[in-house]
Number of protein chains: 2
Amino acid sequence: MATIKDVAKKAGVSISVVSKTYNNYVDVSEETRQRIFAVAKELDYTPNIVAKNLSSKKQMTLGLISSGVLNDNEKDNNAFDIFKGVYREISETRFELSINLIDSQKQKQQSYVQYCRERNIGGAILQGIRTDDQYYKELLNTNIPCVVLDIMNETENGLIGSVSIDNALASKEMALYLLERNHRNLAVVSGTKETYVNKERMKGLEEALHAHGMKLDDVDFLDADFSEEAAYELSKMYLQKTQPTAFFCFSDLMAFGVIKAIKEAGLRIPEDISVTGFDDLIFSSYTQPPLTTIKQDFVEIGKVAARLLQDIKENNLERQHIWVKHQLMARESVKTLPSV
Amino acid sequence: MATIKDVAKKAGVSISVVSKTYNNYVDVSEETRQRIFAVAKELDYTPNIVAKNLSSKKQMTLGLISSGVLNDNEKDNNAFDIFKGVYREISETRFELSINLIDSQKQKQQSYVQYCRERNIGGAILQGIRTDDQYYKELLNTNIPCVVLDIMNETENGLIGSVSIDNALASKEMALYLLERNHRNLAVVSGTKETYVNKERMKGLEEALHAHGMKLDDVDFLDADFSEEAAYELSKMYLQKTQPTAFFCFSDLMAFGVIKAIKEAGLRIPEDISVTGFDDLIFSSYTQPPLTTIKQDFVEIGKVAARLLQDIKENNLERQHIWVKHQLMARESVKTLPSV
DNA sequence: TTGCAACATCTTTAATGGTGGCCATAGTCT
DNA sequence: AGACTATGGCCACCATTAAAGATGTTGCAA
């Protein structure tokens, strides 16, 4: 492959002129510029990104650190959609994308900071990370710009951005949707308590309940840890002694488990029991009946994250959070009850 | 971040000794080795991969060039599974993985060779590529080792490997499965004619037919180009004049389209018409009824491809193809007919 | 007309963080 | 003493960027 040296020689100029030409410096005459491009084309030359990366002060590659892709449930394609969004956005720019998928099975695990330093990574997007992840904490204390998803950054580090939907609002909307349809006996299937999204969804639920003169105590809770299996087991047991009018699930995956339990109990959805989810997985349109849920546009979230990361790098923005729009997908898993 | 220079200075040796230590050269005394690692740990040093990549003769990164990930139907996660497999396998090694997702929407499109050269990529895995892709052809003429998926490489280039299931055999098995259950009025929903997999599946079908004293002419063909929508439209029209005992689909996606058409025609599966697919998408277990299909283990295919690529690099193997095992998933979309 | 600053357009040199071949040194073996 | 071996240093090199220096040309005031 032709290098910058070959082009320089053939064009009869020094190496740095070629470099300058490719980096839009002004001190290269139009004539020379043309000649260099002509020679480059002839020699089939393109700048070597690796060398560029090494010599250039400005970093050329961004990282995506994701725990979701390798670990998720096969029905859960969220992490992949985020990946798609990030990839699409970054491929529009001059940046390279380096991917670090975390496999919880393996303990090999490398420090995120190390991962970034080794590769001259100038900024990273983190998905599926827990706030108590030690490597995450370490990363926050560096000067590496970051965008975290589904976490609200609490530190003072101005290089950290975050992106998510407004989980509290979405949850509130969904709870109101049920309450307005006169559901009062709610079973809430919640996720992992410590997570930001779960806290927010809980908050939204509470607000909605208050709006209807109710309290959190007035509903039952099944803590299923965002697991389909756990949701199935818990709701199965729950249905043996109680029959709520609706299950309000904090994720579609858990809703699937609940739906299975309901069907196995010989009950119909939504005639006997209504069910709502959260996420809008592809499967959710195909359940019987189709699931009423909150749609998160994960591709968009990925794109927004990638853009935010670049903004942080360029403008050194203050810490900030971007809300991505969600949407309540009213399908057929919720019945309107006679007014109370 | 500490560099090799810092370590060398602090350990009181020259840079190259540190380099040699990290690259397992024998001419470093055990004592020095220990000291260097101690200093490195103290300074939190890890070799910079970018620099290594530039200076080292041996290439450190492998590429995955995939057209499936960005473009595929949302129900089709095959390309992602391949990606997972490739990633898993490569992350076990000292190689880096660079990803090049092809977006058919965009014409930007870069030559694969250029992509590889720019990044010092020492070998690539290609997925979802058409044999008439000009950039693919260009790549075959270089000395860059490659592994292609679902294509049988026809060139003499010894650096090209390929991986797929035995499509002909799988197709034959499935056809026999139907024939042995006394299906004789078959409608075959085939994919894109020019593709390797389609040709192979056709070949297997023919063999199975011959085994039962039939010819390709004895079955009907719907050429649906691997599209769910096309399969739906074609089978809908087809059902208006004919009613086969079974639809033999060359992909699950097309089977979904067919199932939709059958249901809309007021017919039952498998009581009135049987359906078989090919791929075993996640959805296929959840159709009504669950789809009988050929399972391709795409994660495994990805892993095998990554291993093969490394073998080619190391041993300069002759051109070779690896068959990955498939499996006939007998579910509930096929009925056994009374013997003819 | 001259002198010289300003400008446009290059060239030179050092640096990026490593690798790797070859050379040097000193101690050991025969 | 000469050869060999173990160990480590030196330096060129990878493909590029970037800062500083060099060269020739131009414009304009003295």
Side-chain angles (χ1 to χ4, degrees), chain A residues 1-37 39-40 43-61 94-96 114-122, chain B residues 1-37 39-40 43-61 94-96 114-122:
Chain A
M1 186 71 169
T3 71
I4 200 174
K5 212 178 293 181
D6 304 320
V7 176
K9 186 188 286 180
K10 187 144 189 175
V13 292
S14 76
I15 288 176
S16 58
V17 177
V18 179
S19 172
K20 284 176 180 179
T21 302
Y22 272 88
N23 292 285
N24 296 316
Y25 275 61
V26 290
D27 61 346
V28 179
S29 71
E30 188 53 31
E31 187 198 327
T32 310
R33 178 182 303 276
Q34 296 298 343
R35 182 157 37 94
I36 286 175
F37 281 140
V39 170
L43 295 181
D44 201 23
Y45 165 80
T46 38
N48 183 298
I49 293 181
V50 178
K52 197 165 178 153
N53 232 306
L54 181 61
S55 83
S56 172
K57 301 303 157 202
K58 21 190 142 105
Q59 281 146 324
M60 307 292 304
T61 119
R94 62 181 207 292
F95 287 101
E96 290 286 299
Q114 202 176 93
Y115 161 76
C116 290
R117 302 277 197 223
E118 282 179 353
R119 292 166 183 76
N120 292 9
I121 285 175
Chain B
M1 188 70 169
T3 72
I4 199 173
K5 217 176 287 184
D6 304 319
V7 177
K9 188 189 285 182
K10 188 145 187 173
V13 293
S14 75
I15 288 177
S16 58
V17 176
V18 180
S19 171
K20 287 174 180 178
T21 302
Y22 272 88
N23 292 287
N24 298 314
Y25 275 58
V26 290
D27 59 348
V28 179
S29 70
E30 189 54 30
E31 189 197 326
T32 311
R33 178 182 302 275
Q34 296 298 342
R35 183 156 38 93
I36 286 173
F37 281 140
V39 170
L43 296 181
D44 199 25
Y45 166 79
T46 37
N48 183 298
I49 293 181
V50 178
K52 197 166 178 150
N53 233 306
L54 180 62
S55 79
S56 172
K57 304 302 157 201
K58 20 189 140 104
Q59 279 146 325
M60 307 292 304
T61 120
R94 60 179 210 292
F95 287 101
E96 291 286 299
Q114 199 174 96
Y115 162 76
C116 290
R117 304 274 197 223
E118 283 179 352
R119 293 165 183 77
N120 292 9
I121 286 175

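Protein chains get the first letters and strands the later ones, always in sequence-line order, with residue 1 at the start of each.
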Need one value for [X]: base, sugar-phosphate or nothing, where a base atom within 4.0 Å counts as base even if backbone is also close, heavy atoms only.
X        : value
Ser14(B) : base
Val13(A) : sugar-phosphate
Tyr22(B) : nothing
Val28(B) : sugar-phosphate
Thr46(B) : sugar-phosphate

Self-check item: Euclidean distance, Arg119(B) CZ relative to Glu96(B) CD, rounded to 0.5 Å
Solution: 13.5 Å
Exercise. Drop me the distance from Leu54(A)'s CG to Ser55(B)'s OG, to the nearest 0.5 angstrom.
Key: 8.5 Å
Length of the line joining [X]:[atom1] and [N]:[atom2], which is rounded to integer Å:
X         : N       : atom1 : atom2 : value
Ile15(A)  : dA19(D) : CD1   : P     : 18 Å
Arg117(B) : dC14(D) : CZ    : P     : 16 Å
Asn53(B)  : dC13(D) : CG    : C1'   : 15 Å
Arg35(B)  : dG8(D)  : CZ    : C1'   : 11 Å
Asn48(B)  : dC14(D) : CG    : C1'   : 13 Å
Met60(A)  : dT16(D) : CE    : P     : 12 Å
Ile49(B)  : dG17(C) : CD1   : C1'   : 13 Å
Asp6(A)   : dC14(D) : CG    : P     : 10 Å

Quiz item: Would the number of heavy atoms belonging to other residues, nucleotides or ligands and lying under 6.0 Å from CD of Glu31(A) be above 12?
Solution: no
Is the shortest side-chain heavy-atom distance between [X] and [Y] below 4.5 Å?
X        : Y         : result
Thr46(B) : Arg117(A) : no
Leu43(B) : Val7(B)   : yes
Lys5(B)  : Val18(B)  : no
Thr61(B) : Asn53(B)  : yes

Quiz item: Which of these nucleotides, dG17(C), dG8(D), dT17(D), is closest to any side-chain atom of Val17(B)?
Solution: dG8(D)
Exercise. On DNA chain D, check which nucleotide each of Asp27(A) and Ile4(A) is closest to and give me the residue with the more 5' one.
Key: Ile4(A)
Tell me whether the OP1 or OP2 atom of [N] has a side-chain N or O from [X] closer than 4.0 Å.
X        : N       : value
Asn23(B) : dT19(C) : yes
Lys58(B) : dG20(C) : yes
Tyr25(A) : dC10(C) : no

Quiz item: Less than 6.0 Å separating the ring centroids of Tyr22(B) and Phe37(B)?
Solution: yes
Pairs under 3.5 angstrom, nitrogen or oxygen only, protein versus nucleotides 13-16 of chain C, please.
from: dT16(C); atom 1: O2; to: Ser55(A); atom 2: N; distance (Å): 3.4

Practice problem: Return yes if the base of dT9(C) and the side-chain atoms of Lys20(A) contain a donor-acceptor N/O pair under 3.5 Å, otherwise no. | Solution: no
